[in-house]
Amino acid sequence: MLVLGIETSCDETAVALVKKNKSKFGGKIIKEIVLSQAKKHEIFGGVVPEISSREHILSLKKITQTILKQSNIKVSNIDAFAATCGPGLNGGLLIGSNFAKSLSIGLNKPFFAINHLQAHILVSRVKKKIEFPFLVLLISGGHTQLIIAKAYNKFEIIGETIDDAVGEAFDKTAKILGLGYPGGPKIEMLAKKSKRQNIVLLPRPMIKKKNLDFSFSGLKTAVRRKVENKNSRDKNSDLAYSFQLAVSECLLDRCSHGINKFLKLFGKGYFLMAGGVASNKYLREKMVELCNKKKMTFFAPDPRLCVDNASMVAWTAIERIVNGEKGDSIKFLPNPRWSINEL
Ligand code: KG4
Ligand code: ZN
């Protein structure tokens, strides 16, 4: 079974061809291309929806043709077409889903409308048989959620941010530090240069709170204040490290509570990280330590599969097909605010 996946929910135009393994569990990513629009948005300090839509239109067909050519596969041999239909920017979602729908109509094959968050979570199962239920920390540019994944299509949100998402906090802080967009990788790189001589005391919002929610908007404000009152000893690398440290400690505290709750309910299982911020090496190392302490099994996908990509979209369609689903109506409209609760 061969599925073409399309991802256009934000500022990456991505296409991938994924095949289900015949005998064993999992799948093989035959070919994937991710075209980042970051350079086009950088001067504006964030994603400009109109520019993003235009770039998707300009490159989607070309990328798809390249994928087919390089993998030496005829479009008629593809069994289903899948596209992200939310959450995300409406323009991009319309472009990607209409493209997949056209292929599906033209070739008389099923169309799958994919939830971006479900795709971020399920992509971990392409290479590894991770049984349900498992606990997942979903951290991206727009979302910060602790979720119990009960089945391929059943997710319970047990905690989420009350203000900014973690990725958003990284991006805004990077802007304050004059690092450009996207901020996550730039902060991580700068933090590595810190000699940790002048660690700045930043707040740890929500730490020790009984519920499982997160908050990050105060952190970036604290960084802004620090930058405004900077003295000659203060280095941006120390500030970047201090920010990353504060974010990690907040996430670790919330996840530690979440793991306790999960273990009480299920006794054992996997703890996963998903979404763009999950590619952060420092955070991954800290989460491994936490899981070792709590006797949970840690897993996070390759960094390239944490950030937006289309392999996760194609793979989610495969999981749905394996579970007997036949596809979605061509009339399915993208939903920019499609919650993972509504699957
Ligand atoms: O999942 P993703 O690619 O797109 C969304 O669905 O939002 O996540 C993008 C977010 C951005 O905010 C970006 O700054 C952040 O992930 N990010 C990182 C790193 N790489 C990407 N944050 C921290 N450290 C990184 N290495
Ligand atoms: Zn994403």
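Counting starts at 1 for both ligands and their atoms, following the listed order.
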Look at [atom] and say which protein heavy atom is nearest, naming residue and atom and giving the distance to 0.1 Å.
atom	value
atom 26 (N) of ligand 1	E188 OE1, 2.7 Å
atom 20 (N) of ligand 1	S279 OG, 3.2 Å
atom 24 (N) of ligand 1	N280 ND2, 3.0 Å
atom 10 (C) of ligand 1	G141 N, 3.5 Å

If we set the cut-off at 4.0 Å for heavy atoms, which region of [X] has an atom near ligand 1: side chain, backbone, both, or neither?
X	result
H120	side chain
D171	side chain
H116	side chain

Heteroatom proximity flag, F170 to ligand 1, N/O under 3.5 Å: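 No.
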Ligand 1 to G167 polar contact by distance, N or O atoms, under 3.5 Å: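 Right, the criterion is met.
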4.0 Å heavy-atom contact, G142 with ligand 1: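 Yes, G142 has heavy atoms under 4.0 Å from ligand 1.
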Distance-only criterion, 3.5 Å: show the donor-acceptor pairs between side-chain atoms of residues 126-144 and protein atoms not counting sequence neighbours.
{"from": "S140", "atom 1": "OG", "to": "G142", "atom 2": "N", "distance (Å)": "3.4"}
{"from": "S140", "atom 1": "OG", "to": "H143", "atom 2": "N", "distance (Å)": "3.2"}
{"from": "T144", "atom 1": "OG1", "to": "V166", "atom 2": "N", "distance (Å)": "2.8"}

Best match, G183, G46, G276, C306: closest heavy atom to atom 21 (C) of ligand 1: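 Among G183, G46, G276, C306, the closest heavy atom to atom 21 (C) of ligand 1 comes from G276.
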Closer than 2.8 Å to the Zn ion (ligand 2) - protein N, O or S atoms, ordered by chain and residue number: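 Metal shell, protein only: H116 NE2, H120 NE2, D308 OD1.
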